Peer 1: 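For reference, the structure I am asking about is given below.
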Amino acid sequence: MTVAASAALPGVRRVEQIMGLPLVVDLRDGCTGEVLDELFDWLRWVDATFSTFKDDSEISRINRGELQREDAHPQVRQVLDRCEQLRDETNGYFDMRTPDGSIDPSGLVKGWAVDRAAAILDDAGLHNYAVSAGGDMRVRGRAVPELAWRVGIQHPLDRQHVAAVIESTTDLAIATSGAYTRGEHVWNPHSGRPPVGILSVTIVGAELAIADAYATAAFAMGAELAPHWTARLHGYEAMTILADETVFKTGGFPDD
Amino acid sequence: MRKSITILLTVAALALPIVDATAATKAKAKKIVVTKRFTGSVASVDRWGSLQVTIVVRKTTTITGTKKKVTRRMTAVSVPVYPNHTDRSVFINQNALPILKAEALKAQSANLNMVSGATDTSTGFEQSLQSAIVKALKA
């Protein structure tokens, strides 16, 4: 569904459900939104190629042994390679391997697809936009010329409120992983159980693919490891909310 | 500018009753606050080496008449022993100790364009769609 430009709000907005998620694209440059067709075609291609719910996706074919990884689409190989790098970088807490031995790169695909969607908008000469995939997003520029983008971080225990507000006028990726979110199935790959003592982890930085993978990994680590692990990241800032309602923020977390 | 002032006022108005409530409890209740450091055992992290975590917990015991209420809040986390087995870990360990700010969880309302982490079942889509439309129409 596309919402046409109103008198007061510049640009154009479109929402579609892809990859099982609401994809919200909010363009605030004075544009007609022609670029949206290309952007949503890209997102649908990603879904068709990477979905573990679609029998004819390349990932499903790899999992059934019908397609060798080296014969897969170059972008599939790129994503799978990055999943493995991230597994090493997160001490094994971000892992695309599922307990049944198949692979599910969805944890990286969503953020990666949004990063490339942002690149499509950049190439179209747009400077003020937000692209959100189920609450993980890239924002750039300003919401309106006189106001920054204001992004709330969902309060994990109170759906009517937010736990923090980030104001951004730069290019920023924001990802939150939490137990309350839609079927994220985050478990600790080392113990095989869901993490304990932790409600949510938000990671902020340049790339959504990385922010999202770090958020998933830190959440899987649980209350004891997540705060200090996030404090040692380079170029990414974090907010971790524990079950006892303690909030840990890294030194440069950009909330108000 | 006017918008940000309005938001500040709203937050202040929300915060006031909470402050009053705390002051009222203080008058009647006796509070005992103990801050203690707890160190976990040295754990081996797979092929990554060993790791040990120390946490600081503030325990607040509030006694009102015969009633006793205990709350515990973690105020700091540090890692005296950290894996330095791989190149990556060594690289991480060479950096200064992590800077972490601990605070209590607050609920805020504010004028927002987007919410991170808001997806929830299939209603998330409708909510998101609805809010996008509402915002587009209101703004």
Side-chain angles (χ1 to χ4, degrees), chain A residues 1 3 6 8-9 13 15 17 21-22 24 26 88-89 91-92 130 132 134-137 139 143 147 149-165 174-178 180-182 190 200 202 223-225 227-228 231-232 241-242 244-251, chain B residues 1 3-4 7 40 45-48 51 53 55 57 71-79 82-83 86 88-89 92-93 95 97-122 124-129 131-133 135-139:
Chain A
M1 178 180 289
V3 180
S6 72
L9 193 63
R13 281 137 286 283
V15 186
Q17 184 140 19
L21 297 161
V24 181
D26 190 341
D88 290 347
E89 235 182 283
N91 299 354
S132 167
D136 297 320
M137 69 197 75
V139 294
L147 288 172
W149 284 105
R150 289 177 59 83
V151 179
I153 308 303
Q154 180 68 57
H155 191 296
L157 302 172
D158 176 357
R159 299 202 54 83
Q160 304 307 313
H161 291 92
V162 292
V165 178
I174 304 166
T176 299
S177 191
Y180 59 89
T181 47
R182 179 203 65 100
H190 297 300
S200 72
T202 298
E224 283 195 9
L225 294 183
H228 85 83
R232 291 165 189 268
I241 304 179
L242 304 186
D244 71 353
E245 300 189 24
T246 305
V247 180
F248 283 104
K249 288 174 188 164
T250 56
Chain B
M1 277 326 289
K3 216 162 215 172
S4 61
I7 292 155
V45 191
D46 228 22
R47 62 203 148 102
W48 303 100
L51 183 145
V53 179
I55 60 168
V57 176
T71 56
R72 288 179 184 82
R73 192 175 291 283
M74 207 193 295
T75 55
V77 176
S78 63
V79 186
Y82 196 79
T86 63
R88 170 75 183 166
S89 314
I92 292 170
N93 278 345
N95 288 285
L97 277 172
I99 304 161
L100 277 174
K101 298 179 282 183
E103 55 187 57
L105 181 60
K106 317 180 274 267
Q108 303 186 35
S109 323
N111 195 5
L112 302 169
N113 302 115
M114 290 267 172
V115 176
S116 176
T119 317
D120 182 25
T121 66
S122 58
F125 177 61
E126 282 82 27
Q127 283 171 3
S128 174
L129 175 65
S131 68
I133 293 170
K135 271 172 202 152
L137 297 178
K138 264 204 312 204

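Being a predicted model, the structure only gives us computed values, none of them experimental.
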Peer 1: For the CG atom of B/Leu105 and the CG atom of A/Leu157, what is their distance to the nearest 0.5 Å?
Peer 2: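 The distance works out to 6.0 Å.
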Peer 1: Any non-hydrogen side-chain atom of A/Val162 less than 4.5 Å from a side-chain atom of B/Leu112?
Peer 2: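 A/Val162 vs B/Leu112: side chains touch.
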Peer 1: Going from OG on B/Ser116 to CD1 on A/Ile153, what distance comes out if it is rounded to the nearest 0.5 angstrom?
Peer 2: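 One gets 4.5 Å once the value is rounded to the nearest 0.5 Å.
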Peer 1: If I take atom NZ from residue B/Lys106 and atom NE2 from residue A/His161, how far apart are they, to the nearest 0.5 angstrom?
Peer 2: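 B/Lys106 atom NZ to A/His161 atom NE2 measures 13.5 Å (nearest 0.5 Å).
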Peer 1: With a 3.5 Å distance limit and no angle check, can you tell me whether B/Asn113 reaches the backbone of A/Arg150 through a side-chain donor-acceptor pair?
Peer 2: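 Here the side-chain-to-backbone pair exists.
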Peer 1: Could you tell me the separation between the CD1 atom of A/Ile241 and the CD atom of B/Glu103, rounded to the nearest 0.5 Å?
Peer 2: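 A/Ile241 atom CD1 to B/Glu103 atom CD measures 9.5 Å (nearest 0.5 Å).
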Peer 1: Would you mind reporting whether B/Met114 and A/Met137 have side-chain heavy atoms less than 4.5 Å apart?
Peer 2: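 Sidechains of B/Met114 and A/Met137: in contact.
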